[in-house]
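Below is one structure; the comments refer to it alone.
In this text, all values refer to a predicted model and were calculated from it rather than measured experimentally.
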Amino acid sequence: MKPLRLDGLDAFAAVVRAGGFRAAALQRGVSSSALSQAVAALEASLGLRLLHRTTRSLAPTEAGAALFDRLSPALEDIRAAVDGLNRLRDSPSGSLRINAPGPAADHVLCPLAFDFMRAHPGVQVEIISDAALVDIVSQGFDAGVRFGRQVAQDMVAVPIGPPLRYAIVASPAYLAGRDLPATPQDLARHDCIRRRFPKGGLVAWQFEKDGEAVGFEPQGRLTLGSAHQELQAALAGQGVAHLFEEYVRPHLDSGALVELLPEWSPRLPGWFLYYPSRRHPSGAMRAFLAHLRSTR
């Protein structure tokens, strides 16, 4: 077997994570042909095909999948070791990648990141809005954001925002001529705007009043994939929406939306930033954690 090059292994892992040469090349700022040549050289060194390639798809072979599973943690450890050199500098530098659902990115994470970047001009920040639960380590993220403490036990979770509250809202145009609901069950007579998770499940609506918890499966003609779309639909009079209060507060204040059943909407845990406990955070990540502590 010919000697292996680290850049070939890194290129192979990047292509598998991105699902193709073009996407990986865009993420890394290199050409697709450069990545293709690096992977081809790696396959030649190993004497094994690592990727199934067609004009429309790319997938790892059995050997490629086995290599990727072992390779990803090792590459992350190498990156962490290199990033650890940032401690030798007077100011943090490097990159910070965070995965977060849209509402968390819009209302909590982006404002924090903007203040952080003004204080640390040497750090590059990338925030990816994604409602799906992803493996932040294998996907190359320094951290993720999730609702409440719904994170794996091997992660460190840090609160980054106040408690949250869902609001049930509709526009005055939609409510005109309709009876207002007095209980969550009354929503069965309304056209509810549903939201579907990336993995296919529908968001259930949860209510609570005086210790009584009520679950509700919304029914309606419109199903969407994001909170932003749901808000636009509510403003357009398409039905009743179930959204974080942060999203709808300006529209409630302006009268563009009306809140329904406010006494049934309890306070909930807020957003948490989480990151792996098994490895040292990069210099940029350590600086961001320090920034979070200073804002509390």
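Put simply, CD1 on Ile160 and OH on Tyr274 are 11.5 Å apart, with the number rounded to the nearest 0.5 Å. Of the inter-residue distances, the one linking Leu58 atom CG with Arg22 atom CZ reads 14.5 Å to the nearest 0.5 angstrom. To the nearest 0.5 Å, the span separating OG on Ser31 from CG on Leu26 amounts to 11.0 Å. Atom CD of residue Gln238 and atom CD of residue Gln232 lie 11.5 Å apart, to the nearest 0.5 angstrom. Distance CH2/Trp271 to NE2/His107: 9.5 Å, rounded to 0.5 Å. If you take CD on Glu263 and NZ on Lys209, they are separated by 4.5 Å, rounding to the nearest 0.5 Å.
Applying the ring pair (Phe, Tyr, Trp, His ring centres under 6.0 Å) criterion to Tyr166, with sequence neighbours excluded, gives His242, Phe244. For the salt bridge (Lys or Arg N to Asp or Glu O under 4.0 Å) test, residues two or more places apart in sequence or in another chain that qualify with Arg189 are Asp186.
The closest side-chain heavy-atom distance from Ile127 to Leu96 is not below 4.5 Å. Using a 4.5 Å heavy-atom cutoff, the side chains of Cys192 and Gln219 are not in contact. Proximity of Ile128 to Phe141: side-chain heavy atoms (C-beta onward) are separated by under 4.5 Å at one or more points. With contacts defined as side-chain heavy-atom distances shorter than 4.5 Å, the pair His228/Asp106 does not qualify. With a 4.5 Å cut-off on side-chain heavy atoms, Val145 and Asn99 do not count as touching. Between Val240 and Asp191, the closest side-chain pair of non-hydrogen atoms is not below 4.5 Å. For the pair Pro184 and Trp205, the minimum side-chain heavy-atom distance is 4.5 Å or more. Side chains of Asp10 and Arg28 form a contact here, defined as non-hydrogen atoms less than 4.5 Å apart.
Taking both residues in full, the closest heavy atoms of Ala204 and Glu217 are given as CB-OE2, 3.9 Å, listed atom of the first, atom of the second, then distance. Nearest approach of Phe12 to Leu51, heavy atoms of both residues: CE1-CD2, 3.8 Å. Closest of all the heavy-atom pairs between Leu235 and Ser171 is O-CB, 4.3 Å. Taking every heavy atom of both residues into account, Ile136 and Pro276 meet most closely at CD1-CD, 4.1 Å. Looking at every heavy atom in both residues, Ala170 comes nearest to Leu260 through CB-CD1, 4.4 Å. Annotation for Pro269 and Phe147: closest pair O-CE1, 2.9 Å, computed over non-hydrogen atoms.
Annotation for Leu202: hydrophobic cluster partners, listed by chain and number, are none (ILVMFWY side-chain heavy atoms under 4.5 Å, direct or chained). Leu222 belongs to a hydrophobic cluster with Ile193, Leu224, counting contacts under 4.5 Å between side-chain heavy atoms of Ile, Leu, Val, Met, Phe, Trp and Tyr, direct or through other members.
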(message) Please determine whether side-chain contact (heavy atoms from CB on, under 4.5 Å) holds for the pair Leu6 and Leu75, giving the CA-CA distance in whole Å, both sets of side-chain angles, and the decisive distance to 0.1 Å.
(response) CA-CA 9 Å; Leu6 181 60; Leu75 288 174; 3.9 Å; yes
(message) Pair Ile98, Glu126 - check side-chain contact (heavy atoms from CB on, under 4.5 Å), show working.
(response) CA-CA 6 Å; Ile98 304 178; Glu126 181 177 359; over 6 Å; no
(request) Show the numbers, then the answer: is there a side-chain contact (heavy atoms from CB on, under 4.5 Å) between Val203 and Phe197? (result) CA-CA 7 Å; Val203 176; Phe197 287 117; 3.6 Å; yes
(request) May I have the step-by-step check of salt bridge (Lys or Arg N to Asp or Glu O under 4.0 Å) for Glu43 and Arg53, ending in yes or no? (result) CA-CA 13 Å; Glu43 290 177 325; Arg53 305 175 180 86; 3.3 Å; yes
(request) Could you walk me through whether Asp142 and Tyr275 pass side-chain contact (heavy atoms from CB on, under 4.5 Å), step by step? (result) CA-CA 7 Å; Asp142 294 285; Tyr275 59 96; over 6 Å; no
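Here the side chain of Ser72 pairs no donor or acceptor atom with the backbone of Asp69 at under 3.5 angstrom. A donor-acceptor pair under 3.5 Å links the side-chain atoms of Arg97 to the main chain of Gly140, judged by distance alone. Remark: side-chain polar atoms of Ser95 are not paired, donor with acceptor, to backbone N or O of Gln124 under 3.5 angstrom. For Gln139 (side chain) and Asp135 (main-chain N/O), no donor-acceptor pair under 3.5 Å exists by modelled atom type. Counting only distance, with no hydrogens or angles, the side chain of Ser45 and the backbone of Ala41 share a donor-acceptor pair below 3.5 Å.
Residue pairs meeting the ring-ring contact (aromatic ring centres under 6.0 Å, His included) criterion with at least one member in residues 21-42, sequence neighbours excluded, do not occur.
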Donor-acceptor pairs under 3.5 angstrom involving side-chain atoms of residues 249-257: please list them, not counting sequence neighbours.
unit_1	atom_1	unit_2	atom_2	d
Arg249	NH1	Asp253	OD1	3.2
Arg249	NH2	Glu245	OE2	2.6
Ser254	OG	Pro250	O	3.4
Ser254	OG	His251	O	3.2
Ser254	OG	Ala256	N	3.3

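Both Leu292 and Met117 belong to a single network of hydrophobic side chains, linked directly or stepwise wherever heavy atoms of I, L, V, M, F, W or Y lie under 4.5 Å apart. Grouping the Ile, Leu, Val, Met, Phe, Trp and Tyr side chains by contacts below 4.5 angstrom, directly or via other members, places Leu187 with Leu180. Linking ILVMFWY residues whenever their side-chain heavy atoms come closer than 4.5 Å, directly or via other members, places Ile168 and Trp264 in the same cluster. Cluster annotation: Val214 is connected to Leu261 through the hydrophobic network of ILVMFWY side chains, with a link wherever side-chain heavy atoms come within less than 4.5 Å. The same ILVMFWY cluster, assembled from side-chain heavy atoms under 4.5 Å apart, contains both Val108 and Leu273.
With Phe288 as the aromatic partner, Arg286 does not meet the cation-pi criteria of under 6.0 angstrom to the ring centre and within 45 degrees of the ring axis.
The pair Arg165-Glu208 does not count as a salt bridge, with every side-chain nitrogen at least 4.0 angstrom from each carboxylate oxygen.
His190 and Tyr174 form a side-chain donor-acceptor contact under 3.5 Å, judged by distance and modelled atom types alone.
For Arg196, the CZ atom is densely surrounded, since the number of other residues' heavy atoms within 6.0 Å is greater than 12. The environment of Glu62 atom CD is sparse: at most 12 non-hydrogen atoms of other residues, nucleotides or ligands sit within 6.0 angstrom.
Relative orientation of the Phe116 and His120 rings is tilted, given thresholds of 30° and 60° on the angle between their planes.
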